[in-house]
S.K.: 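Below is a structure I'd like to ask you about.
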Amino acid sequence: MSRSGGVGVLAIDLGASSGKALIGSLDDRRLSVTEIHRFPNEPVQLNNRLHWDVLRLYHEIKQSIVKSRQLGYSELKSLAVDSWAVDFGLLGRNGELLGNPYHYRDHHTDGVMEQVFGIVPSETIFSHTGIQFLPFNTIYQLYAMKTAGSPQLEAAQTLLMIPDLFVYFLTGETYTEFTNASTTQLLNPLQKNWDSRLIEALGLPSRIFSGVVEPGTMTGTLLPSVSSELNVPPLSVIATAEHDTASAVAAVPSTGRDFAYLSCGTWSLMGTEVDKPVLSRQALDWNFTNEGGVNGTFRLLKNIMGLWLLQECRRVWEYEGKASSYEDLLREADGSRPFRRFIDPDHLQFLNPAHMPNQIRQYCRDTNQPVPESRGETVRCILESLAMKYRLVLERTEALSGKRFDGLHMVGGGIHNATLCQYTANAIGKPVWAGPAEATAIGNMAVQYIALGEVGGLQEARSIIKESFPVQTYEPQDTARWEEAYGNFRRITKC
């Protein structure tokens, strides 16, 4: 890589609210990361449907490649794309995209999960896939399209998950990467392939499912037309751990296998790495999931609603003319009384309400708690409730995995929220090790370096990451009060 030396790769990291492109440079066991492009990822409401603007995102991906050249990174070895899970695009017979993909928060899957259970019991689905039940999983999106008589689904020849779709635009190659495929609730984790019996039982078209490849597969190079348009040389494209959480977990700076992680952002995902799926009745009852990981691992974890709650409150307050920075909101929360009220962050009423602050107030009324009257009280309620839910999930992760954790590795953009990091340490009564913030992009790069032969494997990659990026430790404080409050949280939320 001509600008700064070392072996350079480009990571495209697409989140639920924004995307970014980062250059990685690996030089003498030190990884440095430079952000070169950032862009919004805003869903588009069209009539009664919520869509992803994938053509705009593809434009931004191409701009990222152009910027890498303009900034002097002219000898990149590869690029890879990661994104959120479950959503997909459909290609027709001529290979063209049939329509803008649905956003997972769209309401077309309302009530569909229960319809599917009438055909295939939840116990059977879990035993076949090991995936937790979320109403927007790919399986329910596809069944919703089928029952609605979707012309797109009837004409579709190929289903591509979001990162796979962009790789197809860049290279013309079609495949489904394992870590993201596992989130669909249509993949058999033991066979690492599509579950034909489940697909057939639901009457879904088997023709649309592409071959599954492992993370770290070299999938192709930029199409000549793309290279010509962008005025860049051919560039290798790698199937990284395309589910952003899989990439984030690959970047956890742990020297051992028995660690707990919390990937914190719009969503919070907490769990541990295991060698094989945990398909027990208890895992089903607690609605845990077994998603594909890197290097033959699985991610035993639980999805938690995360900072979406705070993001939505801030969006509503801005719309109402009460704009404030996150720093101001955290200061207001710090000035509010602790442990006055709790919510269950994962209650479905918080999935996509029109007015999040009002929804939180309603939850408090319904559970006979003091209704938050100020923004600070609302924010404090959110952060304390998240920390309590993290403790619950950590305890259940230990029970399911048979492991005991000395602390919690916290990665992702959420670690910039020092209040949440400290609350989490207080709630779990153990240290929180926060960092790196750009874990998803760093894990994306790590898989690329392994595929390129520059790094010997996952543990070596984690050692390099630990040596390359700072980690901040949060020690638990005021544990007796948090212990008492945890009992109240469990009683109020019935978690």
Side-chain angles (χ1 to χ4, degrees), residues 13 15 82-86 126 128-134 137-138 161 163 176-192 212-216 239-254 256-280 282-284 286-304 306 346 390 393-403 405 408-412 414 439-444 446-447 450 457-459 461-462 465:
D13 177 22
D82 67 74
S83 86
W84 64 95
V86 307
F126 187 77
H128 281 229
T129 67
I131 298 298
Q132 78 179 104
F133 294 94
L134 297 169
N137 285 349
T138 312
M161 305 300 287
T176 308
E177 186 273 329
F178 170 63
T179 68
N180 221 354
S182 70
T183 70
T184 63
Q185 211 166 35
L186 287 165
L187 191 90
N188 187 304
L190 300 178
Q191 300 173 359
K192 292 192 173 182
V212 178
V213 304
E214 289 288 330
T240 187
E242 290 188 352
H243 182 201
D244 51 12
T245 306
S247 277
V249 173
V252 170
S254 172
R257 282 288 308 278
D258 291 341
F259 62 88
Y261 60 83
L262 172 61
S263 179
C264 185
T266 300
W267 285 91
S268 291
L269 302 104
M270 177 182 281
T272 190
E273 244 176 15
V274 292
D275 292 324
K276 59 182 180 179
V278 178
L279 303 176
S280 64
Q282 189 64 82
L284 170 63
W286 284 342
N287 204 21
F288 268 64
T289 199
N290 297 270
E291 296 174 352
V294 176
N295 204 30
T297 61
F298 290 87
R299 292 171 290 123
L300 175 68
L301 64 88
K302 176 82 171 173
N303 284 50
I304 305 165
D346 293 326
Y390 295 159
V393 174
L394 183 63
E395 290 174 347
R396 290 179 172 179
T397 302
E398 289 184 331
L400 292 174
S401 66
K403 302 177 181 181
F405 306 114
L408 177 66
H409 285 277
M410 195 166 172
V411 299
T440 300
I442 292 168
N444 176 321
V447 175
I450 294 170
L458 185 56
Q459 282 308 116
R462 284 176 171 152
I465 292 164

S.K.: Which heavy atom of Val294 sits nearest to which heavy atom of Ala250, and what is that distance?
M.R.: CG2-CB, 4.2 Å
S.K.: Angle class for the Phe133/Phe126 ring planes (parallel below 30°, perpendicular above 60°, tilted otherwise)?
M.R.: tilted
S.K.: Any chance you could lay out the side chain to side chain contact (heavy atoms under 4.5 Å, CB included) test for Leu300 and Leu400, step after step, and finish with the verdict?
M.R.: CA-CA 9 Å; Leu300 175 68; Leu400 292 174; 4.0 Å; yes
S.K.: Any side-chain to backbone donor/acceptor pair from Thr176 onto Val212? Under 3.5 Å, distance only.
M.R.: no
S.K.: Can you tell if the side chain of Ser254 reaches within under 4.5 Å of the side chain of His409, non-hydrogen atoms only?
M.R.: yes
S.K.: Which heavy atom of Gly292 sits nearest to which heavy atom of Phe298, and what is that distance?
M.R.: CA-CD2, 4.3 Å
S.K.: Take Arg257 and Asp275, measure what side chain to side chain contact (heavy atoms under 4.5 Å, CB included) needs, and give me the verdict at the end.
M.R.: CA-CA 10 Å; Arg257 282 288 308 278; Asp275 292 324; 2.9 Å; yes
S.K.: Supply the atom-to-atom distance Gln132 CD to Gln185 CD, rounded to the nearest 0.5 angstrom.
M.R.: 8.5 Å
S.K.: Starting from the C-alpha separation in whole Å, work towards a yes-or-no answer on side chain to side chain contact (heavy atoms under 4.5 Å, CB included) for Leu187 and Phe178.
M.R.: CA-CA 9 Å; Leu187 191 90; Phe178 170 63; 3.6 Å; yes
S.K.: Under the side-chain hydrogen bond (donor to acceptor under 3.5 Å, both in side chains) test, which residues partner Asp346, sequence neighbours left out?
M.R.: Lys389
S.K.: Where the side chain of Asn290 meets the backbone of Ser182, is there a donor-acceptor pair that is under 3.5 Å apart?
M.R.: no
S.K.: Rounded to the nearest 0.5 Å, what separation is found between the OG1 atom of Thr245 and the CH2 atom of Trp84?
M.R.: 13.0 Å
S.K.: Say whether, by atom type as modelled, one donor and one acceptor occur between the side chain of Glu242 and the main chain of Asn180 under 3.5 angstrom.
M.R.: no
S.K.: Any side-chain heavy atom of Asp82 sitting closer than 4.5 Å to one from Thr440?
M.R.: yes
S.K.: Is Thr397 reaching over with its side chain to a backbone N or O of Val393, donor-acceptor style, under 3.5 angstrom?
M.R.: yes
S.K.: Measure the CD1-OG1 distance between Ile131 and Thr184 for me, rounded to the nearest 0.5 Å.
M.R.: 7.5 Å
S.K.: For residues Phe288 and Val278, determine if any side-chain heavy atom of one lies less than 4.5 Å from a side-chain heavy atom of the other.
M.R.: no
S.K.: Distance check, rounded to the nearest 0.5 Å: Trp267 atom CH2 versus Asp244 atom CG?
M.R.: 12.0 Å
S.K.: Does the side chain of Met161 come within less than 4.5 Å of His243's, by heavy atoms?
M.R.: no
S.K.: Do Val249 and Ser263 come within less than 4.5 Å of each other through their side chains, counting heavy atoms only?
M.R.: no
S.K.: Shortest non-hydrogen contact from Pro253 to Ile465?
M.R.: CB-CG2, 4.4 Å
S.K.: If we only count heavy atoms from C-beta on, is the Thr179 to Pro215 side-chain gap below 4.5 Å?
M.R.: yes
S.K.: Let's go through Arg299 and Tyr261 carefully: what are the C-alpha distance in whole Å and the side-chain angles of both, what is the deciding distance for side chain to side chain contact (heavy atoms under 4.5 Å, CB included) to 0.1 Å, and is it a yes or a no?
M.R.: CA-CA 10 Å; Arg299 292 171 290 123; Tyr261 60 83; 3.3 Å; yes
S.K.: Roughly how far, to the nearest 0.5 Å, is OG1 of Thr289 from NZ of Lys302?
M.R.: 9.5 Å
S.K.: What closest approach, in Å, do Ala251 and Ala439 show between heavy atoms, and which atom pair accounts for it?
M.R.: CB-O, 3.2 Å
S.K.: When you measure from the side chain of Thr138 to the backbone N and O of Val86, does any donor-acceptor pair fall under 3.5 Å?
M.R.: yes
S.K.: What's the shortest heavy-atom distance between Thr240 and Ser247, and which atoms?
M.R.: OG1-OG, 4.0 Å
S.K.: What distance do Phe259 atom CZ and Arg462 atom CZ have between them, rounded to the nearest 0.5 Å?
M.R.: 4.0 Å
S.K.: Which heavy atom of Gly130 sits nearest to which heavy atom of Leu279, and what is that distance?
M.R.: CA-CD2, 3.4 Å
S.K.: List in chain and number order the residues that pass salt bridge (Lys or Arg N to Asp or Glu O under 4.0 Å) with Lys403, two or more places apart in sequence or in another chain; answer none if no residue qualifies.
M.R.: Asp258
S.K.: Output yes when a side-chain donor or acceptor of Glu398 lies under 3.5 Å from a complementary backbone atom of Phe405, and no otherwise.
M.R.: yes
